[in-house]
Amino acid sequence: MLDINNIRNDFPALHQLVYKKPLVYLDNAATTQKPKVVIDTLLEYYNKQNSNIHRGVHYLSQQATVAYEEARICVQKFINAAYSHEIIFTRGATESINLVASSFGKKFLKKGDEIIISGMEHHSNIVPWQLACEEKQAFLKIIPFNENGELIIEDLEKLITEKTKLVAITHISNALGTINPVKKIIEIAHKHNIPVLLDGAQAVPHLKIDVQELDCDFYCFSGHKMYAPMGVGVLYGKEKMLEELPPYQGGGEMIKNVTFEKTTYNELPFKFEAGTPNVGDGLALAAAIKYLEDLGMENIKLHETELLKYATKKLSEIKNFRMIGTAKEKAAVISFLVGNIHPSDMGIILDKLGIAVRTGHHCTQPIMDFYKIPGTVRASFALYNTFEEVDVLVEGVKKAKEMLS
Ligand code: PMP
């Protein structure tokens with residue numbers, strides 16, 4: 001069992017008042033707060049180690065290079081990738097997906113080809129594929145989901161044709177909380193020799209990820225949703241896939257040799273890391289991973305599952321409460337509406353009570369269109385949230401309902 005009160009002491013941002021009320025931070029699917037070890041790692045880097053890495057002859061550069069490559073190994077072990085060169089540092093999940101969509105699209109997409117995504121994707125896992133398809137006159141096909149917010153994966157077999165080039169699916173939906181049956185999806189796609197990209201932005205902070213066990217071809221996530229800083233993320237790709245893809249951006253670091261006649265590219269992972277990397281945030285990402293590993297992903301999942309159960313039960317007792325996303329397999333995300341109250345009105349009142357939630361379409365407009373709603377209020381939980389905070393949320397929703405009805 002996690003000692004949550006002790007854990008909360010690791011997160012300076014949690015101990016503040018907003019509008020003279022203790023902050024109840026329930027916007028973790030948007031970004032998590034950072035533990036002190038992560039902030040200290042950043043400070044330490046900029047106070048002492050700061051220098052440009054790779055090819056540096058001087059002491060600081062060599063130290064920073066070693067630390068950055070150790071951070072890569074830390075990520076590799078965390079998601080159990082086979083090799084550290086299968087870990088590409090990016091700005092975040094969005095850039096990771098854009099990288100694959102652009103490079104994969106350039107190399108493998110032809111006129112009339114198809115990419116399959118699902119109806120519950122974040123815009124980050126829709127628009128890059130639309131751009132790639134537009135360029136090559138290819139098509140997007142969509143796996144539908146049911147009223148509970150569960151993918152109808154029987155439809156995947158029907159959608160696959162000999163023109164299908166890739167399947168790109170979110171591991172966990174940020175708007176519905178659904179944990180998708182990604183292993184099954186990968187099995188189906190691989191039966192037809194189709195590679196699969198998983199958007200793991202919402203999964204990595206909550207589940208133990210093993211990319212070899214999943215057998216996914218690409219896995220993408222952001223540091224800032226897993227207690228690390230903003231501006232750093234990861235693309236995992238199977239060595240064979242990454243070797244085949246052309247570079248995404250050109251510049252320093254990604255080359256082996258440049259002449260005006262012909263440039264040859266660097267080996268993995270550097271082929272995909274043009275320009276000066278975000279060293280400090282990379283080191284801080286490794287610090288966040290170590291923090292999570294010390295707590296244990298299984299323990300985190302247990303705690304968050306209990307929070308989800310408790311919050312679901314308590315909120316459901318409120319009259320006219322409607323939960324959007326009631327999948328059997330769910331992460332600790334609760335999207336909801338109460339009666340006819342507009343989600344942003346609810347959000348504004350909760351904010352004045354010190355409760356940080358997100359309102360709107362959560363960058364998943366097709367989901368909102370499916371339910372024919374303008375948006376939802378979303379409370380999303382992290383390892384440091386408490387049952388008392390759930391009680392504050394429930395009381396807050398009741399109060400807002402009273403004021404707005
Ligand atoms: N995918 C999902 C499921 C997300 O929730 C998010 C962030 N809300 C993203 C992708 C994009 O992440 P980022 O903005 O950190 O690149």
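In listed order, ligands and their atoms are each counted from 1.
- In this structure, Phe218 has its ring center no closer than 6.0 Å to that of Tyr236.
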Next on the checklist: Does Arg72 form a salt bridge (Lys or Arg N to Asp or Glu O under 4.0 Å) with Glu273? I'd like the steps, not just the answer.
Outcome noted: CA-CA 13 Å; Arg72 197 189 303 279; Glu273 293 182 353; 2.8 Å; yes
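- Residue-ligand proximity, Thr94 to ligand 1, at heavy-atom distances under 4.0 Å covers atoms 11 (C), 12 (O), 13 (P), 14 (O), 16 (O).
- Checked against the 6.0 Å centroid threshold, His122 and His362 do not count as a close aromatic pair.
- Protein heavy atom at the shortest distance from atom 5 (O) of ligand 1 is Gln202 NE2, 2.7 Å.
- Taking all heavy atoms of Val333, Val232, Asp199 into account, the minimum distance to atom 10 (C) of ligand 1 is reached by Asp199.
- Relative to the ring axis of Tyr291, Lys36 does not place its NZ or CZ within 45° and under 6.0 Å from the centre.
- Between Thr170 and ligand 1, no N or O atom pair is found at a separation short of 3.5 Å.
- Counting heavy atoms closer than 4.0 Å to ligand 1, residue His224 contributes side-chain atoms (C-beta onward) but none from N, CA, C or O.
- Scanning the protein heavy atoms around atom 12 (O) of ligand 1, the nearest turns out to be Ser222 OG, 3.5 Å.
- Each of the following atoms of ligand 1 lies closer than 4.0 Å to a heavy atom of Ser124: 9 (C), 10 (C), 11 (C).
- Ring-centre distance between Tyr68 and Phe89: below the 6.0 Å cut-off.
- Closest protein heavy atom to atom 7 (C) of ligand 1: Lys225 NZ, 2.6 Å.
- Distances between N or O atoms of His122 and those of ligand 1 include at least one value under 3.5 Å.
- Aromatic rings of His85 and Phe270 (six-membered ring for Trp) have centroids beyond the 6.0 Å cut-off, not under it.
- Between Tyr219 and His171, the two ring planes are perpendicular [angle over 60°; tilted spans 30° to 60°].
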